[in-house]
There are 2 protein chains.
Amino acid sequence: MRGEVQRGELRHDRPDDVPEEVPDEVFDALADPTRRRLLDEISSRGPISATHLAAGFPVTRQAVVKHLSALSTAGLLSSDRHGREVLYAVVPGRLQQATAWLDDVGRRWDDRLAALVEHLSPPPPA
Amino acid sequence: MRGEVQRGELRHDRPDDVPEEVPDEVFDALADPTRRRLLDEISSRGPISATHLAAGFPVTRQAVVKHLSALSTAGLLSSDRHGREVLYAVVPGRLQQATAWLDDVGRRWDDRLAALVEHLSPPPPA
DNA sequence: ATAATCTGCAACTCAGCAGTTGCAGATTGG
DNA sequence: CCAATCTGCAACTGCTGAGTTGCAGATTAT
């Protein structure tokens, strides 16, 4: 037996370009530990420049800038230019999109379990 | 000027091996779109084997197995062997750890904004 | 027993991303 | 004006992770 017939076609009728209604870049941005620490710092210290942030991190300023760009692309940060420096700030509403998906999965699973319990345990004799 | 004095030392006194109190593997597991779709499927269809899942995905069974392993390592899935097949199920409690961090950052930022508004707007003249 | 399934391990390829260095443009301060 | 500072762009390196193929062991069905 060679080659195992794997790689079937999808059963769901989602179009290929809309595989899920989930904020893709958001999770991607949150995946990196350094990016999460940056979000952490900014949320604590308030609007701050890349150079100032980099002073507190073990990586170069350029690396920090790339991470901030990723976070901005995901809509988690906003950047405003003040004079010669650029201050980054948190956009809190965007975080809810991530939690929404997590809650959805969790709730769906809870519903499954609840339905299962309901099905397995008939009402006690009165 | 060559070399820019970047790469400063951390200002926080966190030890290096405990950079953050955040579920690292969880975010790492949630970073991949395929893994999120797998979680999605399992939460909808209930306990299911890797082979069955792979039939609905455009990748090989092995790839699915690797993703399921990552999700299990993160504590998001549990696996039970029934006969010759292994059924994967969602562990919903673990998802709350991820949402907890997101909520923390969001709430902290909201507090900052609230304090700022409080400070900038003195009580109106009576 | 034998064929069909399902799982698991190992080695390999390949693209992407984190991080780096180097330099040039723009802005503030003395 | 000149020096210091902050930002931005581009090219390069290195590693990790997603996905693959190939095969072997275990379990069920005929």
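Here is the naming used below: chain letters follow the sequence lines, and residue numbers restart at 1 for every chain.
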| Any B:Thr60 side-chain nitrogen or oxygen under 4.0 Å from OP1 or OP2 of D:dT20 | yes
- Please determine if B:Asp110 and B:Arg107 form a salt bridge, counting it only when a charged side-chain N lies under 4.0 Å from a carboxylate O. no
When rounded to whole Å, the CG to C1' distance for the pair B:Asp28 and D:dT16 reads 10 Å
(request) May I ask you to verify if any side-chain N or O of B:Ser49 is less than 4.0 angstrom from the OP1 or OP2 atom of C:dC6? (result) no
Inset, instruction - Please confirm whether any donor atom in the side chain of A:Arg61 sits under 3.5 Å from an acceptor in the base of D:dG8, or the reverse. - result: yes
Rounded to whole Å, the CZ-C1' distance (B:Arg84 to C:dA3) equals 11 Å
To the nearest angstrom, the NZ-P distance between B:Lys66 and D:dT16 comes to 15 Å
message: At less than 4.0 Å, is any side-chain N or O atom of A:Arg35 found next to OP1 or OP2 of C:dA18? Yes or no.
response: yes
Paired with A:Ile42, the side-chain contact (heavy atoms from CB on, under 4.5 Å) test is passed by just one of A:Leu71, A:Leu87, A:Leu68, namely A:Leu68
Closest to the side chain of B:Gln62, out of D:dG8, C:dC9, D:dG19, is C:dC9
Winner on side-chain proximity to A:Tyr88, out of C:dC6, D:dC6, D:dG8, is D:dG8
Side-chain atoms of A:Ala63 come closest, of D:dA18, C:dG19, C:dG8, to C:dG19
From CG of B:Leu71 across to C1' of D:dG17 the rounded distance in Å is 14 Å
Rounded to whole Å, CZ of A:Phe57 lies from C1' of C:dT20 at a distance of 18 Å
Q. At under 4.0 Å, does any side-chain N or O of A:His67 touch on OP1 or OP2 of C:dG19?
A. yes
Contacts of B:Gly83 and A:Ala50 projected onto DNA chain D by closest heavy atom; the upstream (5') one is A:Ala50
A:Asp32 atom CG is separated from D:dG17 atom P, nearest whole Å, by 11 Å
Whole-Å distance, B:Arg37 CZ to D:dA18 P, equals 16 Å
A:His82 atom NE2 is separated from D:dT5 atom C1', nearest whole Å, by 18 Å
Of A:Val64 and A:Arg81, the one whose closest nucleotide on DNA chain C sits nearer the 5' end is A:Val64
inquiry  = Are A:Val65 and A:Val86 linked, directly or through intermediate hydrophobic residues, by side-chain heavy-atom contacts shorter than 4.5 Å (ILVMFWY only)?
reply    = no
